[in-house]
Number of protein chains: 2
Amino acid sequence: MRKQKVSTAVIRRLPRYYRHLNDLYRAGVERISSNALGKSMGLTASQIRQDLSCFGEFGQQGYGYNVESLRSEVSDILGMNRGHTAVVLGAGNLGRALIENFHFERSGVILAAAFDIDRSIVGRELSGVQVYHADQLEEYLSLHPASIGVLTVPGSAAPRIAERLVGAGVRGLWNFTNIELNVKAPGLVVEDVHFADSLLALSYMISEEP
Amino acid sequence: MRKQKVSTAVIRRLPRYYRHLNDLYRAGVERISSNALGKSMGLTASQIRQDLSCFGEFGQQGYGYNVESLRSEVSDILGMNRGHTAVVLGAGNLGRALIENFHFERSGVILAAAFDIDRSIVGRELSGVQVYHADQLEEYLSLHPASIGVLTVPGSAAPRIAERLVGAGVRGLWNFTNIELNVKAPGLVVEDVHFADSLLALSYMISEEP
């Protein structure tokens with residue numbers, strides 16, 4: 001189905017498409033025009049048509065998109081049905097916030113386990129997720145392969161733990177530390193969450209307002 | 001100094017410019033060409049020149065940019081010297097992760113106070129930040145105005161607390177809840193942090209890899 005190399009900008013918009021389509025679906029909307037979808041997302045109708053054309057033919061001229069089937073197509077494109085499994089490294093405040101409050105399964109990802117070195121938390125279960133000692137990481141992953149490692153360790157520990165994850169077969173790093181990771185491995189994907197970039201953009205936009 | 005309406009894409013790149021320039025500055029680099037800066041950021045030299053031209057004249061033909069002065073210009077553009085003050089709403093796991101581990105001051109923002117309704121945390125100090133009862137929000141803000149409200153409350157509480165913040169003069173909402181806020185106020189800026197969008201993009205990129 002894939003026709004061409006998809007640009008980063010389109011990749012970044014795909015989750016937003018999914019989110020908006022999911023909201024529409026849950027609100028009981030059956031069909032939507034590219035105009036109306038664009039309006040709700042702050043995009044033009046032609047941008048929507050162009051984005052989706054990267055992945056195949058969707059919608060019918062004059063009839064718009066079937067919300068349920070487009071949502072399911074976008075979910076397939078995003079790989080939500082691939083059964084990606086994640087492990088969380090670092091069960092401190094941020095790790096715990098993700099384990100206890102973030103719904104991995106709504107993004108099609110199974111959260112399998114967490115790792116820490118703090119003896120007061122190792123061995124506990126957080127919202128049904130077992131916390132292992134970081135020493136057990138390789139052994140655990142050899143028995144239960146995972147594709148995604150969530151890095152919520154202190155920055156100083158990030159490079160080493162990233163190497164170990166990749167060595168144990170993890171293919172994607174979701175990096176919440178402020179460290180730029182230099183791990184190289186064929187096909188490795190690193191997704192950084194930069195809180196500071198987001199706050200600076202907010203600060204800029206406030207400063208611009210009269 | 002501002003010449004034109006700046007596009008969202010440029011606004012989103014500004015914090016990255018700042019981050020890269022800051023790293024260069026701290027590494028002792030004095031000058032950098034738009035070529036080299038572009039390379040480190042995955043942009044073309046002409047894109048860099050075009051981005052920065054939105055804000056004025058920087059750099060000298062053939063001499064590149066002075067790292068320290070460009071960093072300081074970008075910091076000014078971002079409003080890092082405006083003394084923006086933030087309050088955190090919700091001192092659960094995520095709120096605490098931000099209060100204890102995120103360096104607001106590195107983005108030029110003063111973290112002034114936190115609010116919660118949990119009696120076991122109200123009255124405590126977290127990394128020097130006082131936690132007040134949410135009932136005291138309006139009173140606090142009337143004495144200590146803040147420009148940014150950080151929303152780390154449960155989603156169900158988000159719309160009401162957002163209204164209250166805006167009513168008390170807050171101009172920017174940094175929204176970590178999964179709720180789309182519909183608060184309307186002149187000049188109000190909402191910056192959403194969508195963890196799910198980031199995880200879905202990662203999941204897509206992993207799925208694309210062979």
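For clarity, every value in this text was computed on a predicted model and none was experimentally measured. Here is the naming used below: chain letters follow the sequence lines, and residue numbers restart at 1 for every chain.
Here the straight-line distance linking atom CD of A:Glu180 with atom NE2 of B:His20 works out to 5.5 Å at 0.5 Å rounding. The distance from atom OG of A:Ser203 to atom CG of B:Asn81, rounded to the nearest 0.5 Å, is 8.5 Å. Rounded to the nearest 0.5 angstrom, A:Leu200 CG and B:Met80 CE are separated by 5.5 Å. Remark: B:Asn101 CG to A:Thr177 OG1 distance equals 11.5 Å, nearest 0.5 Å. Remark: B:Tyr204 OH to A:Ile11 CD1 distance equals 5.0 Å, nearest 0.5 Å. For the atom pair CZ (B:Arg82) and CD1 (A:Ile206), the distance works out to 10.5 Å, reported to the nearest 0.5 Å.
For the side chain to side chain contact (heavy atoms under 4.5 Å, CB included) test with A:Leu199, the passing option among B:Leu98, B:Val193, B:Ile148, B:Leu78 is B:Ile148; the others fail.
Only the side chain of A:Leu14 has a heavy atom closer than 4.5 Å to any heavy atom of chain B. Looking at B:His194, the atoms closer than 4.5 Å to chain A (heavy atoms on both sides) all sit in the side chain, from C-beta outward. Heavy-atom distances place both the backbone and the side chain of B:Arg96 under 4.5 Å from chain A. Interface residue A:Arg19: only side-chain heavy atoms are found under 4.5 Å from chain B. Looking at B:Arg12, only its side chain comes within 4.5 Å of chain A, counting heavy atoms on both sides. Both the backbone and the side chain of A:Val189 come within less than 4.5 Å of a heavy atom of chain B.
Residue B:Pro15 comes nearest to A:Ala201 through the heavy atom pair CG-N, 4.0 Å, listed as atom of the first residue, atom of the second, then distance. When all heavy atoms of A:Trp174 and B:Ser198 are compared, the closest pair comes out as NE1-OG, 2.8 Å.
Proximity of the aromatic rings of B:Phe195 and A:Phe104 is defined here by a centroid distance below 6.0 angstrom, and this criterion is not met.
With chain B as the partner, the residue from A:Thr8, A:Asp197, A:Val150, A:Val190 showing the most heavy-atom pairs under 4.5 Å is A:Asp197.
Crowding of B:Ile117 atom CD1: a count of heavy atoms from other residues, nucleotides or ligands under 6.0 Å not exceeding 12. For A:Gln50, the CD atom counts as loosely surrounded, since its 6.0 Å shell holds 12 or fewer non-hydrogen atoms of other residues, nucleotides or ligands.
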